[in-house]
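Step one of this worksheet: look at the structure below.
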Amino acid sequence: MMGTGPSTPGKKTEIFKALPEIWELIRPRRVLLGLGLVLMVINRVSGLVLPASTKYLVDDVIGKRHFKLLYPLVGVVLVATLIQGLTSFALTQTLSKAAQKLIAELRRRVQEHVGRLSVSYYDANKTGMLVSRIMSDVEGVRNLLGTGLVDFVGGLLTAVIAFAVLIRLSPVMTGIAFTFLLVFGIGLRKAFRVIRPIFRERAKINAEVTGRLTESLGGVRVVKGYHAEAREHEVFSAGVERLLQNVVKTLTATSVMSLSSSTLMGVIGAIVMFMGTRQILAGKLTLGGFFTYTMFLGYLAAPLIQVVGIGTQITEAIAGLERTREVLDETPENEDPDRTVTLGPIRGDIKFQDVNFAYELQKTVLHDVSFHAWPGTVTALVGSSGSGKSTIIGLIAAFHKPNEGQVLVDGVDLSTIRLESYRTQLGMVLQDSFLFDGSIRENVAFSKPDATEAEIIRACAIARVDEFAEKYDLKYDTIIGERGVKLSGGQRQRVSIARAILANPRILILDEATSSLDSESEAMIQEGLGYLMQGRTTFVIAHRLSTIRRADQILVVEAGTIVERGNHRELFELGGRYYELYTKQHGIEENLFLAPGEGDTVEENEIGAPNSAAADPDPTALLR
C-alpha cells in the first residue's frame, strides 16, 4: 500500500472506498455545498464575460467603428466583474468556514473514538502517532469541502463552456489542442496514482517523528540524566531526513508535471498561432475571433494546470481521510457484541477459571491460571519480573480478554459485561500515578467529576493530601504541572490514593503502589492505602514482600503459571519459591511471623487490613 510503483487494482479500489466516507462528511452540509456550487457557477460564468466581449470589441466596436456599443459592453464587463468578486468572497466565507468546522468536528469524533478503543490498540500504537491522526490527518479535508474542491469543479465547468465556444470558433484547431490536452490528462492520472501512496507514507513518517519527539520531550529528565541530547537529536534528525526525502519525491513529481504543462501550453500556443494566422489570412476567422479563441483556450487548459496543484491537495486529503478511516474502523471496546450484561452494585467476587492468554499468537503469557478472590479479601501477586502478574491485573481490569477460560465477577463472565457498568466500580493505584496538568482538586475529582467539595476534602484528608496542599497559597487549586511534575513522588501517590478513595470502588488494584518511595513517604501512604482497602476486594502487586504478609492469599506467579498459593506463614514454611524470594530480601534471622492479634494496625508500615472475608460494608460508608 505504501509503495510507489505502478498502480494496482487495490489502489484503485481505495479511492472508491474513500467516496462513501467523503459523502458521509458532505451529506450533512449538502445544502451549503449546493449553495457553494450555485455561487461557483455564477462566478465562473461571470468570469467568461470579459473574454467573450473581446470579439465584439475588436470586430464590431473597433473594426466596424460601432462606438455606441462601447458603453454597454464596458458596463456589462464591470457588472460581471463585480458579480465575480462578490461570489468569490461569498464562496470563501461560506465554504472555508464550513471546512474549518468540519475539521474541528472530525477531530472531536476521532478523539472520542480513539478514547474508546482497547488498551491493546494503545499498546500497538505510539502516542505521537495517535496525536498526529487526530490533529494532522484531518487537515486536508478542507480541500474536500472548501475552496479547493470548488476551484477544481469550477475549473472543469469553465473548461466545458470554453470547449463549446472553441468548437464554434474553430473546430480544427480545437480538435488538435484537445488531443494534446487529453494526452496530458491521461499522464496526470497515472502520475497521481504514483504520488498518492507517497502522501500516505508521508503521513506515516510524520506520525512516527511526532511520536518520538513527544516521547523525547516527555522524558526530558531521563534524556538529560543520561546526557543523551545528542542521541535524541540524531534520532530526530534521521526522522526529519526521511520526511525530507518523501517531500522531495513529491516535489520532483509535481515539478515534472508543472514542466510538462508549461511545455504543453507552449506547443499548443505555437500551433494555435500558426493555424490561427492562416485562417485569418484565408478569411475563415476574424481578428476578434482569434483573440477570443486564445483567451478561451486558456480557460480550457487552466483546469488541467490546476490539477497539478489542487489535485495534489485533494490527493493528500484523501490519503489523510483513509488514515482517519482506518482509526474509525477500529471497534471500540464498549461496542463488543459479546458485552451485553449490565452490572448493578457488585460484591467483588473474582474468580479465574483455567485462564490462558497471549498478546501475540503462539506466545502464551498465562497458562491455566485459576484462583478465587473472595469479596473483601486481599490477594497478593508475587514473582519475578515478566512472570505475568501485570497481565493478570490487566485481565481483572478488563483491558484484555482471555484466549481460553473465564474471569468471573460475582459469577458473571467478565467478557460479557458492559465495561461502563464494571469499571465504575473499579479503582487503581499504580506505581507511576498519572496526573494531569491541572489543579490538585481536578486530579482528585477525576474519578468522580460530580463529587461535592466535602467529599473531595474528605478523600484528601484520608490520603494525607491535605498535609501538603494546605501549605500552598492556592491550596487545592494549585496547578501541579504536566504529569504532576511539581509534586514529589510521595505527594503524587497520595493524590492518586485520594482519587481512588473518592471513586469508592468495590474492587481495588494496587500495582507497585509504594515500591519507588522513601520510607517516610511510604509510611504516610500505607495509612491511606490501609483505609482504602478495608472491605474491598483488593489485588496487590509488590516486590517488597514485607508489605503483603497479611494478605489473605498470596499467589506466586512464574512463567505465566501459579506455582504456589497460600498465606505468608504457609508459603514460608513450604520452603519453595516464595521462601527463596522472601529470604533474599530479609534474611532468615528476621522475625517473619505475626503472632495472633499482632500488627493489626496500619502503623506497622504494611499493606493490608485484618482478614475481612466475611465483611461486606456499605459501599457509601467510606465517605460518610
Side-chain angles (χ1 to χ4, degrees), residues 119-120 123 350-360 362-374 377-407 414 426 428-432 507-517 522 526 529 533 537-588 590 592-594 605-608:
V119 171
S120 58
D123 293 340
I350 302 295
K351 190 174 184 179
F352 274 54
Q353 292 184 335
D354 303 318
V355 170
N356 288 274
F357 177 78
Y359 291 101
E360 301 177 18
Q362 311 302 324
K363 295 183 180 180
T364 304
V365 178
L366 298 181
H367 307 268
D368 298 320
V369 173
S370 297
F371 66 87
H372 193 175
W374 297 96
T377 61
V378 177
T379 297
L381 303 173
V382 302
S384 306
S385 297
S387 60
K389 304 185 298 296
S390 294
T391 302
I392 293 175
I393 292 299
L395 290 171
I396 295 171
F399 292 154
H400 310 285
K401 283 185 178 182
N403 297 108
E404 297 178 14
Q406 290 181 315
V407 178
L414 181 54
L426 180 73
M428 302 184 73
V429 180
L430 308 178
Q431 177 182 9
D432 183 18
I507 298 174
L508 178 65
I509 294 173
L510 305 176
D511 189 353
E512 298 287 0
T514 63
S515 63
S516 62
L517 304 178
E522 184 177 4
Q526 296 290 6
L529 288 176
M533 294 166 65
T537 306
T538 304
F539 296 89
V540 180
I541 293 180
H543 284 132
R544 296 182 187 179
L545 300 187
S546 62
T547 65
I548 59 174
R549 289 192 300 184
R550 281 187 278 118
D552 295 284
Q553 67 173 332
I554 300 172
L555 306 178
V556 183
V557 185
E558 292 295 342
T561 303
I562 298 177
V563 295
E564 296 175 7
R565 68 182 74 206
N567 60 34
H568 169 72
R569 182 185 296 274
E570 294 169 344
L571 293 178
F572 190 84
E573 291 178 346
L574 184 64
R577 179 59 175 160
Y578 181 80
Y579 175 88
E580 179 185 347
L581 293 171
Y582 198 97
T583 53
K584 278 185 179 180
Q585 286 190 15
H586 302 282
I588 302 178
E590 183 180 346
L592 301 173
F593 303 115
L594 296 176
N605 192 28
E606 296 176 354
I607 293 181

With a 4.5 Å cut-off on side-chain heavy atoms, are Thr538 and Leu510 touching?
yes
Quick one: does Asn567's side chain have a donor or acceptor within less than 3.5 Å of a partner on Asp552's backbone?
no
Counting distance only, does the side-chain N/O of Gln353 pair as donor-acceptor with the main-chain N or O of Phe371 below 3.5 Å?
no
Looking only at side-chain N and O atoms, does Glu558 offer a donor or acceptor that is under 3.5 Å from a partner on Ser384?
yes
Taking all non-hydrogen atoms of both residues into account, name the closest pair between Lys389 and Val382 and its distance.
CD-C, 3.5 Å
Thr379 versus Ala373, closest heavy-atom pair with distance:
OG1-CB, 3.5 Å
Pair Asp368-Thr561, side-chain contact (heavy atoms from CB on, under 4.5 Å): steps then yes or no
CA-CA 7 Å; Asp368 298 320; Thr561 303; over 6 Å; no
Please determine whether side-chain contact (heavy atoms from CB on, under 4.5 Å) holds for the pair Phe572 and Thr583, giving the CA-CA distance in whole Å, both sets of side-chain angles, and the decisive distance to 0.1 Å.
CA-CA 9 Å; Phe572 190 84; Thr583 53; 4.0 Å; yes
Closer than 3.5 angstrom, by distance alone: can the side chain of Glu564 be matched with the main-chain N or O of Arg577 as a donor-acceptor pair?
yes
Show your reasoning for whether side-chain contact (heavy atoms from CB on, under 4.5 Å) applies to Ser370 and Val355.
CA-CA 7 Å; Ser370 297; Val355 170; over 6 Å; no
How about Leu426 and Ile509: do any of their side-chain heavy atoms sit closer than 4.5 Å?
yes
Please state whether the rings of His400 and Tyr359 are parallel, tilted or perpendicular, taking 30° and 60° as the class boundaries.
perpendicular
Where is the tightest heavy-atom contact between Ala398 and Leu414, given as atom of each residue plus distance?
CB-CD2, 4.0 Å
Spell out, as yes or no, whether a donor-acceptor pair under 3.5 Å connects the side chain of Ser387 to the backbone of Gly383.
no
Is there a side-chain contact between Pro402 and Val407 (heavy atoms, below 4.5 Å)?
yes
I need the Ile562 CD1 to Leu366 CG distance, nearest 0.5 Å.
9.0 Å
State which residues pass salt bridge (Lys or Arg N to Asp or Glu O under 4.0 Å) with Lys351; sequence neighbours excluded, sorted by chain then number.
none
Tell me, do Ile392 and Leu381 make a side-chain contact under 4.5 Å, heavy atoms counted?
yes
Note, Ile393 side chain near Phe539 side chain (heavy atom, < 4.5 Å):
yes
With a 3.5 Å distance limit and no angle check, can you tell me whether Thr537 reaches the backbone of Ile507 through a side-chain donor-acceptor pair?
no
Quick one, Phe352 and Leu395 - any side-chain contact, counting heavy atoms below 4.5 Å?
yes
Tyr579 versus Leu574: any side-chain heavy-atom pair under 4.5 Å?
no
Hey, are the side chains of Leu555 and Gln553 touching, using non-hydrogen atoms and a 4.5 Å cut-off?
yes
Quiz question: by atom type and distance under 3.5 Å, do the side chains of Thr364 and Asn356 form a donor-acceptor pair?
no
How far does CG of Leu571 sit from CD1 of Ile554, to the nearest 0.5 angstrom?
5.5 Å
Side chains of Tyr582 and His568: any donor to acceptor distance under 3.5 Å?
no
